[in-house]
2 protein chains.
Amino acid sequence: MASANRPLVTGFPGSDHDHGVCREAVLARADALCRSRGMRFTRLRRQVLELIWDEHRPVKAYELLERLRAERAGAAPPTVYRTLDFLLQEGLIHRVESLNAYVGCGDPGHLHPVQLLVCRCCAAVAELADDEVARLLRHKAGRMGFQADSAVVEVEGVCPQCSS
Amino acid sequence: MASANRPLVTGFPGSDHDHGVCREAVLARADALCRSRGMRFTRLRRQVLELIWDEHRPVKAYELLERLRAERAGAAPPTVYRTLDFLLQEGLIHRVESLNAYVGCGDPGHLHPVQLLVCRCCAAVAELADDEVARLLRHKAGRMGFQADSAVVEVEGVCPQCSS
DNA sequence: ATGGTAATGTTATACCATACCAAATTCATC
DNA sequence: GATGAATTTGGTATGGTATAACATTACCAT
């Protein structure tokens, strides 16, 4: 079992990526995390997080809704958005602002800066958690008299698989 | 008159900011730029850009639409969105992804990386064009095998006016 | 004037997100 | 186990963001 202090998913999944294992690890971590915080990792929340982790790609809310309805006939937009809000608050997923979409967090459980790498070819997403970037931004902002709290950083480009 | 190679607006407007002058300079530059590229800076485009530059804050599309209707009764969503697309393409405005809003570009006329500083208190926006940030992001992305083309960078925090 | 291109008008609709209240579930306590 | 408070989920309606598709008008070179 993965350490509770190490990221579960970093970078783009290579050809050796066993997604079954990846998924289970992520879900197990989510469950443990919620428990430890006294939050409930309910059936609905688990279902939605599973759907998000079906691929290493951002998923749109209504796409999620459609897929969720296969398991849960009455699901409506609020069902999805409420669950997404919960998962965002618990740091289990990230919102991709430039796509209006949501993607699993590969390193839940600790606060960390987030920089997303989004492939414009296949839409795969990898996640950096680079303090140097965060520090530099804070510093540059500070020189303008701006007190930086957080940042949305989404890099668009081409992932290793697509460029080869 | 400002040099054609120097940014017109940098940082947050201080108490000495003469917005009338700022606005006129921006509009004159936009006009000159469009001319030099063989594009038409039409009445509609000028009206929309003026509305955007009413303040150093992001404006929402439907807010813009409402205000535009004062001058142009028949305006509809496509009127606004088409004009926004034009202004974006010409680099005269930026889209703020984290707010679904649009803000004037203080340094149109040359390609430059953009990092926006958004005050969560008063919504004022300043614009960095920092190559060091852009380079660092490209470098960090490159270490993941990712070829970075561009980036959305939006820093949330508190501006000098609001923190004092 | 004329014809081609670019810009704008107009209607409809798709997509993204939340407000609001009701019903059901969970959980601590008795 | 029953009870009641709090959380979660169901369900309806609506607000907010953005674009498709086609008609019409304005501009400009010839």
Side-chain angles (χ1 to χ4, degrees), chain A residues 30-31 34-52 57-90 92-103 123 152 154, chain B residues 30-31 33-52 58-90 92-103 123 152 154:
Chain A
D31 187 70
C34 288
R35 266 174 215 289
S36 77
R37 291 171 179 166
M39 307 303 284
R40 298 187 217 159
F41 193 55
T42 63
R43 187 167 151 61
L44 173 61
R45 289 165 180 174
R46 185 185 174 91
Q47 284 176 324
V48 170
L49 190 57
E50 278 177 355
L51 289 173
I52 290 174
R57 280 168 180 66
V59 194
K60 307 214 136 209
Y62 275 68
E63 194 183 331
L64 218 42
L65 175 57
E66 193 184 356
R67 292 206 256 145
L68 183 61
R69 278 180 167 150
E71 314 171 44
R72 195 172 268 262
T79 314
V80 169
Y81 282 103
R82 272 192 302 241
T83 309
L84 288 172
D85 285 343
F86 172 84
L87 297 173
L88 284 168
Q89 277 204 321
E90 296 303 316
L92 297 169
I93 62 174
H94 299 296
R95 180 175 154 80
V96 187
E97 295 290 346
S98 55
L99 299 175
N100 291 341
Y102 305 84
V103 70
V152 173
E154 296 170 9
Chain B
D31 187 70
L33 219 54
C34 287
R35 267 175 213 288
S36 78
R37 291 170 178 166
M39 307 303 283
R40 297 190 218 157
F41 193 55
T42 62
R43 186 168 152 62
L44 173 62
R45 289 166 180 173
R46 185 186 173 90
Q47 284 176 325
V48 171
L49 189 58
E50 278 177 356
L51 289 173
I52 290 173
V59 193
K60 308 216 133 207
Y62 275 68
E63 194 184 330
L64 219 43
L65 174 57
E66 193 185 355
R67 291 206 257 146
L68 182 61
R69 278 179 166 150
E71 315 171 45
R72 196 172 267 262
T79 314
V80 168
Y81 281 105
R82 272 194 301 239
T83 308
L84 289 172
D85 284 344
F86 173 84
L87 297 173
L88 285 167
Q89 276 203 322
E90 296 304 315
L92 297 169
I93 63 174
H94 300 296
R95 181 176 152 78
V96 187
E97 295 290 346
S98 55
L99 299 175
N100 291 339
Y102 304 83
V103 70
V152 173
E154 296 170 8

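These figures come from a predicted structure and were not determined experimentally. Chain identifiers are assigned alphabetically (A, B, ...) following the order of the sequence lines, protein sequences preceding nucleic acid strands; residue numbering begins at 1 within each chain.
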Inset, instruction - Whole angstrom is fine here: how far is it from CZ in B:R82 over to P in C:dG9? - result: 8 Å
Inset, instruction - Respond yes when some side-chain nitrogen or oxygen of A:T42 is under 4.0 Å from OP1 or OP2 of D:dT9, and no when none is. - result: yes
Inset, instruction - Give a yes/no answer on whether the side chain of A:R40 brings an N or O atom under 4.0 Å of OP1 or OP2 in C:dT26. - result: no
Inset, instruction - Check the distance between C:dT18's C1' and A:D85's CG and give it to me in whole angstrom. - result: 9 Å
Inset, instruction - Look at the side-chain N and O atoms of B:Y62 and state whether any lies under 4.0 Å from the OP1 or OP2 oxygen of D:dG16. - result: no
Inset, instruction - Please state whether the phosphate of C:dA17, meaning OP1 or OP2, lies under 4.0 angstrom from any side-chain nitrogen or oxygen of A:R95. - result: yes
Inset, instruction - Starting from C1' on C:dC16, measure out to CG on A:L64 and report it in whole angstrom. - result: 13 Å
Legend entry - Distance below 4.0 Å between A:Y81 side-chain N/O and C:dC15 OP1 or OP2: no
Inset, instruction - Please state how far atom CG in A:L65 lies from atom C1' in C:dT18, giving the value in whole angstrom units. - result: 14 Å
Legend entry - Between D:dT8 (P) and A:L87 (CG): distance, integer Å: 12 Å
Legend entry - side-chain N/O A:K60 vs C:dC15 OP1/OP2, d < 4.0 Å: no
Inset, instruction - Figure out the CG/P separation between A:L99 and D:dT17, and round it to whole Å. - result: 18 Å
Inset, instruction - Figure out the CE/P separation between A:M39 and C:dT26, and round it to whole Å. - result: 16 Å
Legend entry - 5' priority, DNA chain C, between A:E63 and B:R43 [closest heavy atom]: B:R43
Inset, instruction - Take atom CZ of A:F86 and atom P of C:dT26, then tell me their distance rounded to the nearest Å. - result: 15 Å
Inset, instruction - Ignoring backbone atoms, establish whether B:Y102 has a side-chain N or O less than 4.0 Å from OP1 or OP2 of D:dT17. - result: no
Legend entry - Qualifying residue, where the test is side chain to side chain contact (heavy atoms under 4.5 Å, CB included) with B:R67 and the options are B:V59, B:V48, B:V80: B:V59
